[in-house]
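Chain naming here is simple, since letters A, B, ... match the order of the sequence lines and numbering starts at 1 in each.
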Amino acid sequence: MNCLLGPAPVSAGEPGLWWALAVADGASPEGSASQQARPVARFEPSQTARIVREAPERLGVPADRIRWTAPNIGGLSAAWLSEGVRVARCHDLALAQRILRARPESVGGYAPVVDLPVEQPQDEASSALVGRAPAGQSSFFDAAELTGGPDASAPDVLQLAAELAAQERAASASTHPARLRLLLAAESQGALIAEEIHATGLPWRADVHERLLLETLGPRPAEGERPPRLQELAGQIASDLGAVDLNPDSPTSVLRALQQAGVQVESTRQGELQRWIEAGGRDREQRRRLLGSTLEYKRLARLWTANGWHWLDEWVREDRFHARYLVGGVVTGRWSAHGGGAMQIPSAVRSAVLADAGQLLTVADASQVEPRILAAMSQDEALAAAGSTPDLYREVAKQGRAAGTRLQDRDRAKVALLGAMYGATTGDSGALLPHLRRLYPRAVGLLERAAAEGERGGQVSTWLGRPSPSPDERWHRAVAQTGTRQDEARAATLRRGQGRFTRNFVVQGTAAEWALCWMGEIRRRLTEAGLGTRLVFFVHDEVVLHGPEPEAEQVRGIVQQAAAAAGRLLFGAAPVDFPLTVSSVRCYADA
DNA sequence: CGGTAGTGCCAC
DNA sequence: AAACGTGGCACTACCG
């Protein structure tokens with residue numbers, strides 16, 4: 001049972017009111033969506049949480065059978081959460097539309113009934129405004145509030161019903177309807193999860209973080225000044241390199257000073273400086289001493305600027321870091337994060353992530369997801385066999401040795417596989433590719449077909465059916481331009497680049513789908529078990545949960561079962577395992 | 001002066 | 001300097 005939420009139709013003459021519309025499951029016959037729909041409530045848009053609470057009784061349906069349907073569910077969910085209301089299932093019409101319209105011809109020529117752009121979650125400033133307004137409004141209603149007067153262009157609930165029907169027809173018309181429906185459900189569930197993670201927040205001890213900063217950088221400096229330790233290092237660099245007016249924050253300035261001091265590098269990157277030191281032979285120690293202060297400055301300056309006092313002021317409130325995720329924010333379907341750099345919390349500050357008293361953090365990290373995904377997608381039996389062991393790379397090396405290839409050890413196996421998925425052509429991984437192809441023709445074949453499609457300018461899809469974006473008009477023009485040798489070189493470079501993108505897209509995107517299903521399964525199981533433990537953080541293939549210590553053992557089991565269930569959801573009787581590293585700890589840094 | 005490209009580093 | 005995928009973010013240098 002779908003329950004649609006949206007503005008009353010203009011014809012009803014109820015401006016400013018919303019309706020809840022019950023729509024039976026399954027694709028409705030064309031054009032009859034509104035006839036099958038039954039209005040079950042009319043209410044102020046600030047009352048959606050109440051409507052959600054009352055719905056099971058009004059509809060005579062258990063709460064977990066109701067699929068709440070609206071564009072940008074995240075905005076609604078934020079209001080529901082603030083009133084302690086959590087829903088089991090939803091369908092986000094905007095997120096679904098973004099997936100379906102990316103390649104209409106593969107979903108029966110889907111055309112949106114109404115345009116439903118995916119909205120960014122509000123930043124802190126505008127959510128403060130929303131905080132003064134009655135809770136429970138959808139984001140487009142907020143927009144109307146802020147600009148004064150109702151938004152006449154906001155689609156009404158009957159239009160939304162027609163859109164839902166169009167989306168269901170599109171899913172049915174796709175090559176793999178069940179997979180696409182799973183993707184739309186998982187993406188929608190993601191919107192709920194992202195909002196819940198944001199609302200709950202990752203435990204973050206500001207005092208511990210501040211002590212760390214004090215110990216490594218010295219006391220907090222006045223605004224516009226460097227911390228003492230960095231100031232000291234700046235002086236040290238200047239004297240080591242014999243450059244008086246050196247600005248250590250300016251790569252140009254540092255590079256000039258380095259070159260004048262006889263350091264033969266082309267950039268100031270850490271890796272290149274390290275390589276120069278290592279290349280020093282007998283002089284290595286001397287070189288290390290010469291660049292020591294520069295390298296140390298870079299390390300500490302990064303901590304200061306990215307996760308220093310400013311970051312703490314801005315992003316940590318009452319010992320919680322509230323990560324803002326954008327579901328499907330990356331073209332591949334990965335989540336991105338907005339604000340606070342949630343997807344790049346460096347290991348250096350994870351010691352400030354500490355469970356509350358009596359609680360534990362359960363941290364689960366999925367190992368080697370992408371090669372396992374590749375094995376499952378390509379149904380490459382040999383790679384799948386490697387993927388059914390805890391260390392896929394080690395097993396690949398074993399098979400490589402047995403077959404007499406150059407994939408002799410774990411490191412080479414890893415470099416070869418990662419290189420194949422990224423489209424490396426040079427160096428070790430390029431040289432190992434033929435060996436990998438010999439061992440795993442189906443897996444490498446899948447990657448090479450995806451790359452070829454990209455080079456042609458075509459689209460590829462993930463396992464569940466998320467299409468890659470088409471290259472834009474400029475790309476096509478540039479690729480068609482082959483008048484001169486330079487044109488041809490440029491066209492070839494662009495084609496290869498697009499090929500690398502589509503090659504990686506299928507694997508990265510399918511891995512993101514697995515992770516989405518994993519989290520969805522975790523969420524469902526936590527709810528069904530009635531636990532107080534919550535998801536509080538997510539980074540691509542890692543989840544963090546926070547909850548009462550006595551629940552931890554059960555939670556570890558749930559996280560494990562959810563990973564296996566995600567594998568089965570995507571690939572059926574999964575030919576590969578998705579092993580996790582799971583631990584329950586007081587401190588994130590100890591996981 | 002604000003916008004933006006370039007640089008470099010963090011995460012996966 | 002690019003090579004080998006996806007991002008965010010902070011800083012400098014430069015441009016209109």
*Give E370(A) one of three labels, base, sugar-phosphate or nothing, depending on what nucleic acid heavy atoms sit under 4.0 Å from its own.*
nothing
*Report the residues that fulfil ring pair (Phe, Tyr, Trp, His ring centres under 6.0 Å) with Y393(A), sequence neighbours left out, ordered by chain and then residue number.*
none
_Integer-rounded Å distance: dA1(C) P and R275(A) CZ_ = 12 Å
*When rounded to the nearest Å, what value does the distance between P atoms of dG8(B) and dA1(C) take?*
8 Å
Below 3.5 Å is the cut-off: list the nitrogen or oxygen pairs between protein and nucleotides 13-16 of chain C, distance only.
unit_1  : atom_1 : unit_2  : atom_2 : d
dA13(C) : OP1    : S250(A) : OG     : 3.0

*Check DNA chain C against residues 412-446 of chain A and give the residues with a non-hydrogen atom under 4.0 Å, in numerical order.*
Y422(A), G423(A), A424(A), T425(A), T426(A)
*Which heavy atom in A94(A) sits nearest to a heavy atom in V118(A), and how many Å separate them?*
O-CG2, 3.6 Å
*What is the distance from CZ of R256(A) to P of dT7(B), rounded to the nearest Å?*
15 Å
*Toward the 5' end of DNA chain C, by each residue's nearest nucleotide, G497(A) or H310(A)*: G497(A)
*Under the side chain to side chain contact (heavy atoms under 4.5 Å, CB included) test, which residues partner L569(A), sequence neighbours left out?*
L182(A), C517(A), E521(A)
*Considering only heavy atoms, which members of residues 210-237 of chain A lie under 4.0 Å from some atom of DNA chain C?*
none
_Donor-acceptor check, side chain of R287(A) to backbone of W276(A), threshold 3.5 angstrom: yes or no?_
yes
*Can a salt bridge be assigned to the pair E488(A) and R485(A) using a cut-off of 4.0 Å between side-chain N and carboxylate O?*
no
_Suppose the criterion is ring pair (Phe, Tyr, Trp, His ring centres under 6.0 Å): which pairs have a residue in residues 428-476 of chain A, not counting sequence neighbours?_
W463(A)-F571(A)
*Flag yes if more than 12 heavy atoms outside N247(A) fall under 6.0 Å of its CG atom; otherwise flag no.*
yes
*side-chain N/O K298(A) vs dG8(B) OP1/OP2, d < 4.0 Å*: no
*Between atom CD in Q270(A) and atom P in dC9(B), what is the gap in whole Å?*
5 Å
*Roughly how many Å is it from CD in E272(A) to C1' in dT7(B), rounded to a whole number?*
13 Å
*Between dC10(B) atom C1' and H540(A) atom NE2, what is the distance in whole Å?*
11 Å
*Is R334(A) side chain donor-acceptor paired with the dC12(B) base, going by distance under 3.5 Å alone?*
yes
Contacts under 3.5 Å, N or O only, protein and nucleotides 3-6 of chain B:
none

*What distance, rounded to whole Å, do you find between the two C1' atoms, one in dA2(C) and one in dG6(B)?*
15 Å
_List the residues meeting ring pair (Phe, Tyr, Trp, His ring centres under 6.0 Å) with F537(A), not counting sequence neighbours, and say none if there are none._
none
*asked:* Just to verify, what does Q408(A) make a side chain to side chain contact (heavy atoms under 4.5 Å, CB included) with, not counting sequence neighbours?
replied: R401(A)
Could you give the side-chain donor-acceptor pairs of residues 342-353 of chain A under 3.5 Å, partners two or more places apart or in another chain?
unit_1  : atom_1 : unit_2  : atom_2 : d
R350(A) : NE     : I345(A) : O      : 3.1
R350(A) : NH1    : Y588(A) : OH     : 3.4
R350(A) : NH2    : I345(A) : O      : 2.8

_Looking only at the side chain of E542(A) (C-beta and beyond, no hydrogens), which of the listed nucleotides dC12(B), dC9(B), dC10(B) gets closest?_
dC12(B)
Using a cut-off of under 3.5 Å, enumerate the N/O to N/O pairs linking the protein to nucleotides 7-9 of chain C.
unit_1 : atom_1 : unit_2  : atom_2 : d
dG8(C) : O4'    : Q344(A) : OE1    : 3.0
dG8(C) : N2     : Q344(A) : NE2    : 3.0
dG8(C) : N3     : Q344(A) : OE1    : 3.0
dG8(C) : N3     : Q344(A) : NE2    : 3.1
dC9(C) : OP1    : G339(A) : N      : 2.5

*asked:* Checking side-chain polar atoms at under 3.5 Å, does T462(A) have a donor or acceptor matched by the opposite partner on T510(A)?
replied: no
*Would you mind classifying the nucleic acid contact of R350(A) as base, sugar-phosphate or nothing, using non-hydrogen atoms under 4.0 angstrom?*
sugar-phosphate
*For Q264(A) and dA1(C), give me the distance from atom CD to atom C1', rounded to whole Å.*
16 Å
*asked:* Restricting to ring pair (Phe, Tyr, Trp, His ring centres under 6.0 Å), what partner residues turn up for W335(A), sequence neighbours left out?
replied: Y325(A), F538(A)
*So, is S267(A) close to the dA1(C) phosphate, meaning a side-chain N or O under 4.0 Å from OP1 or OP2?*
no
*Answer yes or no: are there more than 12 heavy-atom neighbours, outside R490(A) itself, under 6.0 Å from its atom CZ?*
no
*Please work out if Q508(A) contacts a base, only the sugar-phosphate, or nothing of the nucleic acid, heavy-atom cut-off 4.0 Å.*
base
*dC12(B) C1' sits how many Å from M519(A) CE, rounded?*
13 Å
*Between dA10(C) atom C1' and L303(A) atom CG, what is the distance in whole Å?*
13 Å
